[in-house]
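Below is one structure, written out as structure tokens; comments come after it.
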Protein chains: 2
Amino acid sequence: MTEASPAARVGRPRRSSRQMLEDAAAELFLEQGYPATSIEQITQRAGVSRNTFFNYFGAKSDLLWIDLDPSIAALVTALGASGSEEGTRLERLTTLILAVAAEHPASRVPWALSQVELMGTRADLEASAPARLLALAEAIQTFVAPEESEFIARTIGSVAVGAIAAGVGAWIAAGVRRDRLETYVAAALRPALAGFTNLAKGTR
Amino acid sequence: MTEASPAARVGRPRRSSRQMLEDAAAELFLEQGYPATSIEQITQRAGVSRNTFFNYFGAKSDLLWIDLDPSIAALVTALGASGSEEGTRLERLTTLILAVAAEHPASRVPWALSQVELMGTRADLEASAPARLLALAEAIQTFVAPEESEFIARTIGSVAVGAIAAGVGAWIAAGVRRDRLETYVAAALRPALAGFTNLAKGTR
DNA sequence: TGGGTTCTTGCACCCGATCCAAAAACCCGG
DNA sequence: CCGGGTTTTTGGATCGGGTGCAAGAACCCA
């Protein structure tokens, strides 16, 4: 996705181009729309070379996920780092997801998603979504894996991601008067995962 | 996705290029892998011009979905055409999905999916999946919309698609000794949708 | 002052995708 | 059997995202 910036304290320092690139891109996307804006235009406005863009972003579509990527990564690491506290992993899954959702800054509402039709981001947004969502699904799967069959673990991963996506989508679509993110995610996630409790005796 | 072929009985007849293109592509993907195979190579082996490819397929990645696209389309139309029989729409949703799954030919197991790592189809497969899955999610959403709130309808769409994907994935991964497709889809779909029944009094 | 390291840049290239105009192949009415 | 109307095929041109590479620039430290 996005190149990590190890902030090396040796060698040539980066020209702090990253933020400038993001800003230039946001401006141009608003002016002309996403598809009509070429990477060259972005780098031109930012005052750097075209290739420099790829030092900071792996793809043009990475710009669409600037607001969400940190929280997605946070959730993935949270799932990986969670020790064995009390409660079934399925219960703790919901808790963890909602906790990360609660920590997501209310200000960071992805313009690429809220203004899809205005900026024409849909196509690239769709194409670049699975890379994020599948990473999430896999993290969820391995998180619940110890207490579920492989098949059910995978299913929970897919289903949870679907629910999260629906929740986040509703949160974005709600407009400026929107409630807190956890509210939407919880409302979608709860019923989606309800059917997986006590599945031991049954379909498994 | 794939261009419709109205089979016009006037004008220049199509060379039966479509099947030839599919075959040539399948061969080349096996020989060299998907990313290493260019559209030009495919059309060359099929004996047609490069542009002809785009008369039959909207994108290279359409080749990856040859086996699944018909069933996806069938499900979408089935959801759209379903009159008002008995039972809640949520119940009929499962029935419809499983019916379409049951009609999917057992022979049509997408090689692009079963041989992901062998043929290197993952990246393009991911990028082209949402176009299909979102169409499905929307169809499901509008199907259950009359009996659910907008938010819950959307959530059901996302969650059901997640479950279906998990089921189909397991079906493909099961190898040649796989059971019938409906079995896997049912096992994933049932628990995923269970939590949405009798939601009227509660989270709604 | 001279490495070693990292960032930047230019250049070349590949490939998927789109657009357009011309030619080819067919059907049918006259 | 000849000449529109229609559709497919094709070639040519163009665009833009993405990759690879090698040279140079900017910095730190010894």
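Letters A, B, ... are given to chains in the order of the sequence lines, protein chains preceding strands, and every chain is numbered from 1.
Neither OP1 nor OP2 of C:dT8 sits under 4.0 Å from any side-chain N or O of A:S49. At the phosphate of C:dT8, neither OP1 nor OP2 sits under 4.0 Å from any side-chain N or O atom of A:T52. Side-chain N/O atoms of B:Y56 include one lying less than 4.0 angstrom from OP1 or OP2 on D:dT9. In terms of phosphate contacts, B:N55 brings no side-chain nitrogen or oxygen within less than 4.0 Å of OP1 or OP2 of D:dT8.
Side chain of A:R178 to main chain of A:I172: a donor-acceptor pair is present (N/O by atom type, distance under 3.5 Å, no hydrogens or angles). Remark: the backbone N or O of A:F53 is not paired with any side-chain donor or acceptor of A:T43 at under 3.5 angstrom.
Not counting sequence neighbours, the partners of A:Q19 by the side chain to side chain donor-acceptor pair (under 3.5 Å) test are A:D23. A:S82 is linked by a side chain to side chain donor-acceptor pair (under 3.5 Å) to A:R92, counting only residues two or more places apart in sequence or in another chain. Partners of A:W111 according to the side chain to side chain donor-acceptor pair (under 3.5 Å) rule, which considers only residues two or more places apart in sequence or in another chain, do not exist here. Remark: B:F143 engages no residue in a ring pair (Phe, Tyr, Trp, His ring centres under 6.0 Å) (not counting sequence neighbours). With sequence neighbours left out, B:S71 forms a side chain to side chain donor-acceptor pair (under 3.5 Å) with B:H104. With sequence neighbours left out, the salt bridge (charged side-chain N to carboxylate O under 4.0 Å, His left out) criterion links A:D67 to A:R108.
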Can you give one letter per nucleotide of nucleotides 15-22 of chain C, going 5' to 3': B for a protein heavy atom under 4.0 Å from the base, S for sugar-phosphate only, - for none? -BBBB---
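Counting to the nearest Å, the P atom of C:dC7 and the CZ atom of A:R18 are 13 Å from each other.
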Just list the side-chain donor-acceptor pairs under 3.5 Å for residues 182-189 of chain A, sequence neighbours left out, or say none.
from: A:E182; atom 1: OE1; to: A:R180; atom 2: NE; distance (Å): 3.4
from: A:E182; atom 1: OE1; to: A:R180; atom 2: NH2; distance (Å): 3.0
from: A:T183; atom 1: OG1; to: A:R180; atom 2: O; distance (Å): 3.2
from: A:Y184; atom 1: OH; to: A:D179; atom 2: N; distance (Å): 3.0

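For residues 45-57 of chain A, the pairs satisfying salt bridge (Lys or Arg N to Asp or Glu O under 4.0 Å) are A:E27-A:R45, A:E31-A:R45, with sequence neighbours left out. Counting only residues at least two apart or on different chains, no side-chain hydrogen bond (donor to acceptor under 3.5 Å, both in side chains) pair has a member in residues 155-177 of chain B.
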Just the atom pairs and distances: protein N or O near nucleotides 26-30 of chain D's N or O, under 3.5 Å.
none

Tabulate protein N/O versus nucleotide N/O from nucleotides 1-3 of chain C, keeping only pairs under 3.5 Å, one per line.
none

